[in-house]
Every structure is written in C-alpha cells, then in structure tokens.
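Here the structure comes first, spelled out in structure tokens, and everything after it is commentary.
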Amino acid sequence: MLGRCASVVAVLASLVGVISGFYPTLFFKIPEVGFIPYAMSGGPIPPYFDFTMFEDDSWLNDGDVVVAVGTKCGTNWMMTMVHELRTWNQPELK
C-alpha cells in the first residue's frame with residue numbers, strides 16, 4: 001500500500017514539474033487555489049502576497065493613506081469609508 005502511494009505521489013510530482021516547465025499558467029485554471037502551485041513551481045507570487053513593494057517607501061508621500069483590500073472584499077466600500085474619515089467635517093473636500 002505504501003509503495004502504491006509513493007508511486008502516485010511521484011507521478012503527480014512529475015506531472016506538476018512538466019506542467020510548470022512548459023505551461024505554468026495552466027495552474028490558474030484550478031479554481032480558488034491555482035496560484036499556490038503556480039507560486040510553488042517558481043512563478044512570481046501575486047502582488048497581494050508580496051510585501052517587497054513596501055520595503056522601499058519612496059513612492060509614498062507624507063499624509064498618504066494606503067488602502068489594501070483583498071479582491072472581492074468590499075474595495076469600493078472600504079475606499080468610501082476611508083474617504084469619509086479623511087474628509088470628516090470638511091464639506092469643501094466632499
């Protein structure tokens with residue numbers, strides 16, 4: 001039984017290796033989790049998981065607000081709330 005499981009794992013690992021070598025974007029066809037094998041096979045990590053852009057903060061100015069919301073998590077709602085908080089009692093900015 002253990003030999004059969006090892007064989008299945010070896011075949012799956014070989015298949016993933018072949019796919020990542022020739023057509024790595026095929027992993028994105030897997031719903032919900034396709035980016036995981038893509039990143040594990042050497043593809044670039046999606047920008048919402050990569051924090052290197054925040055290591056160099058030269059693109060930020062004093063007073064800037066960075067709104068970081070995941071996809072399909074209420075981005076417009078969050079930006080509206082942040083705008084309301086920043087312009088509280090300032091009708092000329094609304």
Side-chain angles (χ1 to χ4, degrees):
M1 181 69 175
L2 185 59
R4 180 176 280 176
C5 285
S7 298
V8 170
V9 169
V11 168
L12 285 174
S14 299
L15 183 63
V16 167
V18 169
I19 291 172
S20 67
F22 292 105
Y23 191 46
T25 56
L26 186 63
F27 290 124
F28 290 129
K29 303 275 186 195
I30 302 171
E32 304 291 325
V33 295
F35 64 91
I36 295 172
Y38 177 74
M40 289 173 57
S41 65
I45 297 174
Y48 45 88
F49 288 122
D50 188 16
F51 298 103
T52 56
M53 67 178 285
F54 294 108
E55 290 175 359
D56 175 29
D57 61 354
S58 61
W59 55 275
L60 288 171
N61 297 319
D62 288 341
D64 282 352
V65 176
V66 177
V67 179
V69 182
T71 57
K72 296 295 185 182
C73 290
T75 306
N76 288 334
W77 180 85
M78 178 62 77
M79 292 183 69
T80 301
M81 293 298 111
V82 169
H83 175 72
E84 291 294 324
L85 289 171
R86 290 188 73 212
T87 59
W88 189 265
N89 289 332
Q90 298 176 14
E92 67 275 2
L93 295 177
K94 291 193 176 203

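Counting begins at 1 with the first residue of the sequence.
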Those residues at least two apart in sequence (or on a different chain) that pass side chain to side chain contact (heavy atoms under 4.5 Å, CB included) with Val33 are Ile30, Ile36
- Return yes when atom CE of Met81 has more than 12 non-hydrogen atoms of other residues, nucleotides or ligands closer than 6.0 Å, and no otherwise. yes
Open item on the list: Are Val69 and Val66 connected into the same hydrophobic cluster when the rule is that any two of I, L, V, M, F, W, Y join if their side-chain heavy atoms are below 4.5 Å apart?
Closed with: no
Applying side chain to side chain contact (heavy atoms under 4.5 Å, CB included) to Asn76 and not counting sequence neighbours gives none
Show your reasoning for whether side-chain contact (heavy atoms from CB on, under 4.5 Å) applies to Leu12 and Val9.
-> CA-CA 5 Å; Leu12 285 174; Val9 169; 5.8 Å; no
By side chain to side chain contact (heavy atoms under 4.5 Å, CB included), Val65 pairs with (sequence neighbours left out) Val67, Val82, Arg86
Are any of the side-chain heavy atoms of Asp64 and Asn61 separated by less than 4.5 Å?
yes
